[in-house]
Amino acid sequence: MSGPHVIRGSVSLPEAELMWRFSRSSGPGGQHVNTSDSQVELRFDLARTEALPEVWKQRALERLAGRLVGGVLTVRASEHRSQWRNRETAAVRLAALLAEATAPPPKPRRATRVPRGINERRLREKKQRSETKRGRSARDWG
């Protein structure tokens, strides 16, 4: 693996809390596919982890509730033929998922009024466009 997978800031996934499982990938692949366990399943116990700050943990548990099975988050990777690359992909995917789930909520939007000058300019342009189109009508021709 290429070192610790950083979620955000100084918080990263501890290797000790990651549970790996390997199995044979489905689909075509020839003779090699029958002997190698290249599909990777990475499990992370989000409910019992000590790696995340408590606020982040609660936020992630709330946002990922639909994906959790008994408080455990599971990510699968089988795109690559190599188990090593699938391990990398699964770890990066898990880190990205946790980074998105632990992000602070966006600031609420403050309602603002449209400035009077902008509204007047819009109405003036509408009137001008209307005059241009009215000038194109065939009533006065002939």
Margin query: If we ignore hydrogens and angles and just use 3.5 Å, is the side chain of Asn86 paired with the main-chain N or O of Ser38 as donor and acceptor?
Written below: yes
Next item on the list: Mind checking side-chain hydrogen bond (donor to acceptor under 3.5 Å, both in side chains) for Arg63 and listing every partner two or more places apart, or none if nothing turns up?
Entry: none
Notebook entry, point to check: Between CE of Met19 and CZ of Arg43, what distance do you get to the nearest 0.5 Å?
Noted result: 5.5 Å
Margin query: Applying salt bridge (charged side-chain N to carboxylate O under 4.0 Å, His left out), can you list everything that pairs with Arg67, at least two apart in sequence or on another chain?
Written below: none
Check: Side chains of Thr74 and Val69: does their closest heavy-atom pair fall under 4.5 Å?
Finding: no
Next item on the list: Ignoring hydrogens and angles, tell me if any N or O in the side chain of Thr132 forms a donor-acceptor pair with the backbone of Gln128 under 3.5 Å.
Entry: yes
Margin query: Contact between Val40 and Phe22 at the side-chain level, heavy atoms closer than 4.5 Å - yes or no?
Written below: yes
Margin query: To the nearest 0.5 Å, what is the distance between CG on Leu46 and CG on Leu98?
Written below: 6.0 Å
Margin query: Tell me which pairs pass side-chain hydrogen bond (donor to acceptor under 3.5 Å, both in side chains) where either residue lies in residues 50-62, with sequence neighbours left out.
Written below: Glu54-Gln58
Check: Between the main-chain N or O of Arg85 and the side-chain N or O of Thr89, is there a donor-acceptor pair closer than 3.5 Å?
Finding: yes
Next item on the list: Kindly write out the residues that satisfy side-chain contact (heavy atoms from CB on, under 4.5 Å) with Ser78, not counting sequence neighbours, or none if the list is empty.
Entry: Ser25, Gln39
Note to self: The criterion is side-chain hydrogen bond (donor to acceptor under 3.5 Å, both in side chains); which residues satisfy it with Arg124, sequence neighbours excluded?
What the structure shows: none
Note to self: Using 0.5 Å steps for rounding, measure from the CD atom of Glu17 to the CG atom of Leu52.
What the structure shows: 8.0 Å
Notebook entry, point to check: Minimum heavy-atom separation for Thr102 to Ala60, with atom names?
Noted result: CG2-CB, 3.9 Å
Next item on the list: Say whether Arg122 and Asn119, considering side chains only, have a donor N or O and an acceptor N or O under 3.5 Å apart.
Entry: yes
Item checked: Of all pairs that satisfy salt bridge (charged side-chain N to carboxylate O under 4.0 Å, His left out), the ones with a partner from residues 89-100, not counting sequence neighbours -> Glu79-Arg93
Next item on the list: Calculate, to the nearest 0.5 Å, the distance between atoms CG and CZ belonging to Leu64 and Phe44 respectively.
Entry: 11.0 Å
Note to self: Grouping I, L, V, M, F, W and Y whenever their side-chain heavy atoms are under 4.5 Å apart, do Trp20 and Leu73 come out in a common cluster?
What the structure shows: yes
Check: Taking atom CD1 of Ile118 and atom CG of Leu123, what is their separation to the nearest 0.5 Å?
Finding: 12.0 Å
Next item on the list: For Pro53 and Val11, work out which heavy atoms get closest and say how close.
Entry: CD-CG2, 4.2 Å
Note to self: Rounded to the nearest 0.5 Å, what separates atom CD1 in Ile7 from atom CG in Leu94?
What the structure shows: 7.0 Å
